[in-house]
Amino acid sequence: MAKDTVKAGLIGFGTIGTGVVKLFKNSAELINAKSGIKVELVKICDLDIKRDRGVKLAPGMLTTNVNDIIENPEIDIVIELMGGYKPALDFVTRALKNGKRVVTANKALISKYWEEISAASKEGDAEIMAEASVGGGIPILRGLDKGLAANKIEKIMAILNGTCNYILTKMTVDKMSFDAALKEAQQKGFAEADPTLDIEGFDTMHKITVLSRMSFGKGIKHEDIHVEGIKGIDYTDIKYGQEMGYVMKLLAIAQRCKEGINVRVHPVFVPQMNLLASVNYEYNAIFVRGDAVGDTLFYGKGAGEMPTASAVLSDVIYIARNMASGAKHVRYASKAKAEKVKVLPIGETINRYYIRFNVVDKAGVMGEITGVLGKHNISIASVIQKEQNQHAKVPVVFMTYAAKEADVIKALKAIDKLAIVKEKTVMYRVIE
Ligand code: HSE
């Protein structure tokens with residue numbers, strides 16, 4: 001007999017889990033209509049089933065035993081929202097081996113263990129969908145996988161962490177301190193359980209790994225990606241950047257180049273005219289260039305309870321629709337035969353640079369600096385130095401033309417050894 005209801009179980013009743021429960025309740029009619037079948041959330045598992053999340057549940061829905069979901073023959077879809085590697089990997093692979101469809105928002109997990117997850121999914125003839133893992137509510141995985149399927153992806157530049165974007169926006173617009181802005185982002189429910197994943201750039205790295213694998217082929221690993229976070233960014237540099245017409249953003253960049261793929265995460269000065277410069281607060285944006293489509297921009301809320309729940313439910317509806325129509329799983333486009341790509345070391349990349357030297361204010365200083373820069377093939381585009389009362393230490397800010405990163409690093413190392421330099425030099429990459 002054909003099924004008349006698709007049943008789902010949820011693992012992880014935190015911020016996003018609560019959003020998913022609310023959306024299931026508040027949009028039940030719409031979800032059923034769009035799925036073409038009744039979709040019901042029947043079980044929720046969490047270690048803490050006492051805390052009041054402000055949602056009313058039917059008796060018996062809550063459990064602390066994950067087997068009530070992953071070993072439950074009644075459940076078709078397992079929604080994993082606990083995050084982290086362990087024990088999520090075990091739960092997800094067991095569910096897949098049991099033939100369950102899995103929906104997850106766990107970017108850390110899928111970016112690190114995609115091969116294991118894929119194998120489990122094949123073993124159980126199951127499928128996994130992860131729209132909520134990148135860009136919160138923005139349908140970027142579906143956009144890349146389906147909407148842009150006919151394109152060779154050439155470049156992705158993205159703001160992928162709501163917490164970092166919120167902090168940088170608050171520092172830029174409200175001149176707020178880093179710590180106060182982080183606290184606000186946490187209170188609003190954007191941050192990871194461990195916010196160092198956000199501010200040190202690793203959450204962004206997990207997300208660009210997922211996007212890069214979908215776009216450029218397999219073989220891109222966490223270890224290949226150069227990562228710098230936003231901890232320690234000084235308002236002084238945000239201000240100088242603004243004076244020069246730039247806005248500071250934490251970007252993930254993945255780009256096809258002659259030698260392979262260039263993938264990295266670090267703070268960048270973005271020109272004020274670039275659309276990414278106006279993506280503020282918890283909003284995310286993903287710029288994608290395809291060979292046929294040209295430039296596209298996906299924009300929306302990249303973090304928070306309801307935007308992320310929206311992406312989770314989109315996967316649930318997608319799966320339920322397939323189940324209702326009797327379609328076989330439609331996995332993400334298979335990359336099984338995709339080429340292994342070479343990831344370019346950061347030293348090989350070419351960028352423009354913002355460099356702030358802290359030097360004594362006396363004759364010949366500029367000559368010493370420009371001498372070293374020139375020796376390393378670094379050409380200067382503009383300079384700011386403001387007259388100050390004290391001559392012991394003055395900031396001198398340079399904007400360079402495009403240069404090779406390895407040359408810049410060598411030059412800065414040499415300059416930092418000079419007696420005229422009073423503090424470690426600060427460097428940020430700049431995009432055009
Ligand atoms: N901590 C993440 C962010 C949540 O701030 O964007 C969404 O992945």
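All ligand and atom numbering here is 1-based and tracks the order in the structure. Predicted model only: the values in this text are computed from it and were never measured. The basis for the numbers below is simple: all heavy atoms, side chains too, and nothing from hydrogens, waters or symmetry mates.
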Which heavy atom of the protein is the closest neighbour of atom 5 (O) of ligand 1, given with residue, atom name and distance? Thr163 OG1, 2.6 Å
For atom 2 (C) of ligand 1, what is the closest protein heavy atom, and at what distance to 0.1 Å? Glu192 OE2, 3.1 Å
Atoms in ligand 1 with a heavy atom of [X] nearer than 4.0 Å:
| X | answer |
| --- | --- |
| Lys207 | 2 (C), 6 (O), 7 (C), 8 (O) |
| Asp198 | 1 (N), 2 (C), 3 (C), 5 (O) |
| Gly302 | 6 (O), 7 (C) |
| Asn161 | 1 (N), 2 (C), 3 (C), 5 (O), 6 (O) |
| Asp203 | 2 (C) |
| Lys107 | 7 (C), 8 (O) |

Set of salt bridge (Lys or Arg N to Asp or Glu O under 4.0 Å) partners for Glu116, sequence neighbours left out: none
Before we go on, tell me: are the rings of Tyr428 and Tyr353 under 6.0 Å apart, centre to centre? no
I'd like to know whether the aromatic ring centres of Tyr166 and Phe190 sit less than 6.0 Å apart in this structure. yes
Which is it for Glu282 and ligand 1 at heavy atoms under 4.0 Å: side chain, backbone, both or neither? neither
Atom OH of residue position Tyr85 - does it have more than 12 heavy atoms of other residues, nucleotides or ligands inside 6.0 Å? yes
So, regarding Gly162 and ligand 1 (criterion: nitrogen or oxygen to nitrogen or oxygen, under 3.5 Å), is there a contact or not? yes
Phe190, any N or O under 3.5 Å of ligand 1 N or O: yes
CD (Glu40) and CZ (Phe24) are apart, to the nearest 0.5 Å, by 9.0 Å
Is there a side-chain contact between Ile225 and Met205 (heavy atoms, below 4.5 Å)? yes
Taking the side chain as everything from C-beta on, heavy atoms only, tell me whether Leu211 gets closer than 4.5 Å to Ile286. yes
Name the atoms and distances for all side-chain donor-acceptor pairs under 3.5 Å in residues 52-62, with sequence neighbours left out.
| residue | atom | partner | partner atom | Å |
| --- | --- | --- | --- | --- |
| Asp52 | OD1 | Gly54 | N | 2.9 |
| Arg53 | NE | Phe13 | O | 2.9 |
| Arg53 | NH1 | Asp48 | O | 2.9 |
| Arg53 | NH1 | Arg51 | O | 3.2 |
| Arg53 | NH2 | Phe13 | O | 3.0 |
| Arg53 | NH2 | Asp48 | O | 2.9 |

So is Ala191 touching ligand 1 or not, going by heavy atoms under 4.0 Å? yes
